[in-house]
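Please read the structure below before turning to the comments.
All heavy atoms count here, side chains included; hydrogens, waters and symmetry mates do not. The chains referred to below are lettered A, B, ... by the order of the sequence lines, with proteins before strands, and numbering in each begins at 1.
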Amino acid sequence: MARPITITVNGDKHSLEVEPRLLLVHFIRERLRLTGTHIGCDTTHCGACTVLLDGVPVKSCTVLAVQADGRQVTTVESLAVGGLHPIQEGFKQEHGLQCGFCTPGMMMSSFALLQEKPDPTEDEIRWALSGNICRCTGYMNIVKSVRYAAQKMKAAAAVPVEAGARS
Amino acid sequence: MLPAAFEYASPGTLDEALALLDQHADDGKVLAGGQSLIPLLKLRLASPAFLVDINRIPDLDVLEERDGALVIGALVRHKTAERSSLLANRYAVLAEAAPQVADPLVRNRGTLAGSLAHADPSGDWGSVMLAVDAEFVLRSRSGSRTVKARDFFSGPFSTLLQPNEILTEIRIPARRGPTGGAYLKLERKVGDFATVGVAIQLQMDDGKVGTAGIALTAVGPQNIKATEAEAALKGQTLNDKVIKEAGQLAAKAAEPRADLRGSEAYKRNVVRIFTERGLKRAYERARGGG
Ligand SMILES: Cc1cc2nc3c(=O)[nH]c(=O)nc-3n(C[C@H](O)[C@H](O)[C@H](O)COP(=O)(O)OP(=O)(O)OC[C@H]3O[C@@H](n4cnc5c(N)ncnc54)[C@H](O)[C@@H]3O)c2cc1C
Ligand code: FES
Ligand code: FES
């Protein structure tokens with residue numbers, strides 16, 4: 001039986017009726033039409049469907065939408081605000097994608113990592129992304145992309161507030 | 001993939017959850033981290049009519065030492081164990097196993113208790129719990145009982161849990177004196193289930209082995225407690241000969257099957273080597289206090 005739930009996605013509240021069996025990824029893609037989040041394996045292995053649930057990266061194909069009732073979901077669409085996010089810029093500059101299928105998940109896991117560890121080592125990046133599988137790149141450039149984003153975000157944080165506001 | 005339809009409740013108290021499970025004893029299931037159950041629902045290998053989601057029940061996420069025991073609540077996730085300084089400082093075998101379970105995304109949701117209830121013979125926590133001689137508190141509407149890990153597992157994906165029971169707490173004898181542990185796991189790639197895993201726990205007593213716990217992952221129909229190897233170590237000074245013998249006894253206790261991950265002989269050999277290495281590592285930790 002359908003039941004009402006409210007999920008805040010990228011800052012916007014959405015109140016909808018859903019069946020308990022609806023997966024969070026379907027809620028995001030089909031009900032909200034936010035198709036940045038991908039379905040790769042649909043069997044909890046690839047991480048293409050990674051979103052943040054209350055800030056924590058999870059496989060949205062393996063969470064029920066009703067479980068996110070009253071909670072915050074963050075998807076790849078939240079990254080670009082007025083221009084590319086440093087993580088997106090990193091993937092572009094360092095060729096961190098080929099087919100791009102894994103990229104939204106890679107970016108969300110990277111985002112969570114950089115929130116917690118602004119200056120991660122290569123090992124820390126590889127470890128944090130080890131639930132996200134890429135069949136194209138061989139990962140080298142993904143690691144470089146995250147390093148790029150870390151540098152960029154560090155530089156931005158180092159700019160004094162007024163100067164940052166003016167630029 | 002969409003699961004078959006089911007009814008769903010996310011009660012705010014344990015009593016409510018237990019009452020719901022009691023009402024739905026024939027067709028209900030507990031939902032914890034969902035990292036094993038939701039894939040099963042999607043593949044329709046399980047189609048319960050009623051899911052009792054325990055994630056909104058407060059206080060089930062305790063991880064602390066209390067009354068002579070390390071207490072791990074039903075909602076302690078793999079990630080919490082991975083990051084716990086209590087485990088890192090005092091319970092090496094748990095701290096070493098946690099980051100080797102699944103991948104970071106699965107660890108963010110999956111729980112230790114859910115993993116034990118699921119009872120996958122390739123699950124890592126089952127061996128850890130057998131090695132440390134854990135016990136599990138199983139609660140139902142009518143009361144609670146405590147079951148030893150060694151009695152809990154009854155076959156592949158089978159345990160003593162009744163359909164109306166929740167595993168609310170894992171209890172592990174609190175660390176005292178020189179104790180050390182280790183968890184060694186061979187996997188084909190990061191995030192994979194074990195080809196072979198070995199959990200070791202050593203309690204030293206006046207320079208000799210007081211008690212030894214050894215348990216094996218993915219080499220039998222359930223996690224195996226290598227009781228002969230454990231018994232052979234008791235009261236011994238840990239020298240190369242004793243360690244070697246324990247390795248051989250552990251390999252004998254394994255019941256591996258050949259599959260894509262390796263032949264029977266190969267897996268048995270890994271058990272032997274991992275037991276030897278694990279004992280050395282655990283012994284170092286017991287002596288160094290780590
Ligand atoms: C890609 C992938 C890789 C994995 N790799 C590993 C690995 O390397 N090692 C490993 O050990 N595991 C691995 N797992 C399994 C993982 O550890 C699961 O998180 C765990 O097995 C289940 O815990 P859960 O909290 O998600 O339980 P759920 O999926 O919610 O439940 C699992 C079962 O246990 C029951 N249950 C859950 N909690 C309770 C409770 N408190 N009381 C009674 N019954 C309960 C449920 O009804 C269900 O039958 C992997 C999983 C995936 C998807
Ligand atoms: S689609 Fe969710 S893990 Fe692959
Ligand atoms: S870029 Fe193709 S899967 Fe990663």
- Query: When only pairs under 4.5 Å are counted, which of A/Q67, A/H45, A/R3 shares the most heavy-atom pairs with chain B?
  - Reply: A/Q67
- Please flag which part of B/L37 lies under 4.5 Å from any non-hydrogen atom of chain A: side chain, backbone, both or neither. neither
- Query: Which atoms of A/R126 come close to chain B, meaning under 4.5 Å heavy atom to heavy atom: side chain ones, backbone ones, both, or neither?
  - Reply: neither
- With a 4.5 angstrom heavy-atom cut-off, could you sort out which part of A/I39 is near chain B: side chain, backbone, both or neither? neither
- Task: Test side chain to side chain donor-acceptor pair (under 3.5 Å) on B/S127 and B/N223 and set out the steps.
- Result: CA-CA 6 Å; B/S127 296; B/N223 298 86; 2.9 Å; yes
- Query: Based on non-hydrogen pairs under 4.5 Å, which of A/A128, A/G105, A/G47, A/S130 is most in contact with chain B?
  - Reply: A/S130
- Assert top hit (heavy-atom pairs under 4.5 Å, partner chain B, pool A/C61, A/S109, A/A112) equals A/C61
- Message: Taking every non-hydrogen pair under 4.5 Å, which of B/V106, B/D103, B/V190 racks up the most with chain A?
- Response: B/D103
- Task: Could you give me the CA-CA distance, side-chain angles and deciding distance for B/D61 and B/T80, then say whether side chain to side chain donor-acceptor pair (under 3.5 Å) is met?
- Result: CA-CA 9 Å; B/D61 58 353; B/T80 313; over 6 Å; no
- Measure A/T62 against the heavy atoms of chain B and call it side chain, backbone, both or neither at under 4.5 Å. both
- Task: May I ask you to test the A/T37-A/P104 pair for a side-chain heavy-atom distance under 4.5 Å?
- Result: no
- Query: Ring centres of A/F111 and A/H85 under 6.0 Å apart?
  - Reply: yes
- If you tally heavy-atom pairs under 4.5 Å against chain B, which of A/V25, A/T44, A/L53 wins? A/T44
- B/L51 versus chain A, heavy atoms under 4.5 Å apart: side chain, backbone, both or neither? side chain
- Task: Would you mind checking which part of B/A102 comes under 4.5 Å of any heavy atom in chain A, side chain (CB onward), backbone (N, CA, C, O), both or neither?
- Result: neither
- Would you tell me whether A/N10 and A/T75 have side-chain atoms, one donor and one acceptor, within less than 3.5 Å of each other? yes
- Would you give the length of the straight line joining atom CG of B/D124 to atom OG1 of B/T217, rounded to the nearest 0.5 angstrom? 5.5 Å
- Query: So B/W125 and B/H78, would you call those rings parallel, tilted or perpendicular, with 30° and 60° as cut-offs?
  - Reply: parallel
- Task: Using a cut-off of under 4.5 Å on heavy-atom pairs, state which of A/L22, A/L129, A/V58 scores highest against chain B.
- Result: A/V58
